[in-house]
Number of protein chains: 2
Amino acid sequence: MRLVIARCTVDYVGRLSAHLPSANRLLILKADNSVSIHADDRAYKPLNWMSPPCRLTVEEDVWTVVNKGGEKLIINVEEVLHDSTHELGVDPGLVKDGVEAHLQELLADRMEVLGAGWSLIRREYPTAIGPVDILCRDADGGTVAVEIKRRGEIDGVEQLTRYLELLNRDPLLSPVKGVFAAQEIKPQARVLAGDRGIACVTLDYDALRGIEDDKLRLF
Amino acid sequence: MRLVIARCTVDYVGRLSAHLPSANRLLILKADNSVSIHADDRAYKPLNWMSPPCRLTVEEDVWTVVNKGGEKLIINVEEVLHDSTHELGVDPGLVKDGVEAHLQELLADRMEVLGAGWSLIRREYPTAIGPVDILCRDADGGTVAVEIKRRGEIDGVEQLTRYLELLNRDPLLSPVKGVFAAQEIKPQARVLAGDRGIACVTLDYDALRGIEDDKLRLF
DNA sequence: GCATACATCTCGCGT
DNA sequence: ACGCGAGGTGTATGC
């Protein structure tokens with residue numbers, strides 16, 4: 001990894017055209033040839049970048065990065081204020097916990113959260129337009145499609161609506177009801193769901209995990 | 001901006017929990033107190049980060065970054081291999097060209113691209129569920145809602161569908177037809193649009209800009 | 001401040 | 001390779 005602090009201008013031509021006027025910035029050149037240009041604010045997003053795989057060529061003070069799609073990043077280095085290179089090695093990578101997949105596992109293992117007597121048919125129930133997160137039966141034996149999101153927004157309701165339309169065309173399954181389950185459901189999504197006859201359930205991740213822990217403790 | 005190359009472990013607790021085992025990484029501490037942790041690959045996304053506004057506290061070799069939402073980033077610095085600080089000043093920022101807003105301007109100025117005799121009613125036509133990109137009249141005087149995207153995907157068709165549903169409830173406007181306009185329209189979006197009676201138009205950005213340039217040259 | 005829509009989104013999974 | 005969905009999405013804009 002090479003770190004350069006330099007006064008530079010940058011031009012990007014690709015999916016759009018963009019230009020950075022002359023200023024002092026951080027240029028990061030990584031082992032995979034990727035390049036990013038950072039200002040002194042905002043942690044996440046570089047001002048400009050070229051993702052790998054790409055090729056970097058240096059001619060005098062003009063650095064050019066191109067990728068296979070023909071996108072081009074041209075850095076004009078006017079003055080170098082710092083330049084250092086460091087060996088980092090391969091990163092072991094990060095361990096995550098708490099994403100939607102985990103919510104789905106937890107809920108599938110504890111269907112009674114949705115109602116007494118509810119039971120799982122299967123997770124990731126396949127359909128022509130994609131898998132339904134959870135297909136289950138309610139206490140009356142009726143089929144229910146459950147869409148799970150971390151944050152429930154309007155597009156999640158649209159997604160579930162498409163699944164329900166499709167599932168209800170199958171006479172073996174119909175009628176299929178819908179449940180929109182999320183840790184947090186936006187008001188607009190709740191209104192749209194109500195309008196479509198879809199029930200909303202907010203999931204308490206810690207409580208679900210607590211139940212799961214209790215279960216594990218039994219073994 | 002402070003650049004540190006260090007062997008470190010990182011823990012993030014917030015919207016999820018994540019852990020980075022000990023390894024050499026780049027730590028970027030920016031003027032707005034934001035922190036990001038980079039491995040030696042991938043230009044865009046840090047391994048871990050804390051976006052501003054946030055607060056950084058250093059106690060011995062443990063750096064803690066917290067934000068208002070209670071998210072926490074804990075960096076355990078085991079060995080510092082490089083440490084330098086640089087003054088960059090405020091960045092003038094980047095100038096973009098080719099985004100959706102510009103497509104909308106160009107198309108509004110050249111409605112005949114959609115058909116002979118078409119005319120603009122207004123851009124950003126307000127509705128209860130958000131502004132319609134362009135509302136216009138076709139050659140027969142019928143009202144048309146146009147949704148513009150850079151890349152036309154399924155959610156854009158859903159969005160336009162919601163607008164059309166709403167607009168067609170207004171007897172003063174109804175019937176309102178729909179046009180889905182984008183530089184590139186994905187096949188699935190095209191199929192869904194067809195199913196909903198929505199016309200698809202691919203926009204040639206360079207051609208639109210060329211027409212605009214010609215117009216400007218007249219003055 | 002909340003809510004929506006866009007992004008050179010990136011990234012991973014599945015077909 | 002493309003399509004699709006998720007993301008600690010981040011970021012800007014309008015209310």
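The figures here come from the full heavy-atom set of this structure, side chains too, leaving out hydrogens, waters and symmetry mates. Order of the sequence lines sets the chain letters (A, B, ...), proteins ahead of strands, with each chain counted from 1. As the structure is a prediction and not an experimental result, all values here were calculated from the model.
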May I have the distance from [X] (atom [atom1]) to [N] (atom [atom2]), rounded to whole angstrom?
| X | N | atom1 | atom2 | answer |
| --- | --- | --- | --- | --- |
| I148(B) | dA5(C) | CD1 | P | 15 Å |
| L47(A) | dA12(D) | CG | P | 11 Å |
| E147(B) | dC6(C) | CD | P | 6 Å |
| H19(A) | dT8(C) | NE2 | C1' | 17 Å |
| H102(A) | dG7(D) | NE2 | C1' | 17 Å |
| L73(B) | dG8(D) | CG | C1' | 10 Å |
| E124(A) | dG12(C) | CD | C1' | 14 Å |
| R151(B) | dA5(C) | CZ | C1' | 16 Å |

* Asked: Using the rule for Phe, Tyr, His and the six-membered ring of Trp, do Y44(B) and dT10(C) stack at under 5.5 Å and under 30°?
  ->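 So no, this residue does not stack on that base, at least one cut-off failing.
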* To do: Between S51(B) and A101(A), just flag the one whose closest nucleotide in DNA chain D comes earlier from the 5' side.
  => A101(A)
Given [options], identify the nucleotide with an atom nearest to the side chain of [X].
| X | options | result |
| --- | --- | --- |
| K149(B) | dC11(C), dA5(C), dT8(C) | dA5(C) |
| W49(B) | dT10(C), dC6(C), dG10(D) | dG10(D) |
| K45(A) | dA6(D), dT11(D), dC11(C) | dT11(D) |

* Comparing A189(A) and G14(A) on DNA chain C - which has the more 5′ nearest nucleotide -> A189(A)
* For R42(B) and for E153(A), locate the closest nucleotide of DNA chain C by heavy-atom distance; then report the residue assigned to the nucleotide nearer the 5' terminus. =>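 Closest to the 5' end, via its nearest nucleotide, is E153(A).
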* **Min side-chain heavy-atom separation V146(B)-C136(B) under 4.5 Å** => yes
If you look at every strand shown and take non-hydrogen atoms under 4.0 Å, does [X] touch a base, only sugar-phosphate, or nothing?
| X | value |
| --- | --- |
| K68(B) | sugar-phosphate |
| K96(B) | sugar-phosphate |
| E71(B) | base |
| M50(B) | base |
| Y163(A) | nothing |

* For dG8(D) and dA5(C), measure between their P atoms and round to the nearest Å. =>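 Per the computed distance, 22 Å lies between those P atoms.
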* Asked: If the C1' atom of dT8(C) is compared with that of dG14(D), how far apart are they to the nearest Å?
  ->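 The same atom, C1', in both gives a distance of 24 Å.
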* State, without any angle test, whether D97(B) and Y205(B) hold a side-chain donor-acceptor pair at a distance under 3.5 Å. => yes
* Quick one: do D83(A) and R2(A) make a salt bridge, cutoff under 4.0 Å? -> yes
* **R122(B), CZ: over 12 other non-hydrogen atoms inside 6.0 angstrom** =>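 Above 12, so yes.
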* Report, as yes or no, whether the 6.0 Å neighbourhood of atom CZ on R196(A) holds more than 12 heavy atoms from other residues, nucleotides or ligands. =>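 Enclosed.
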* **Phosphate-side-chain proximity, R15(B) and dG10(D), N/O vs OP1/OP2 below 4.0 Å** => yes
* Asked: For the side chain to side chain contact (heavy atoms under 4.5 Å, CB included) test, which of E147(A), R123(A), E124(A) pairs with I134(A)?
  -> R123(A)
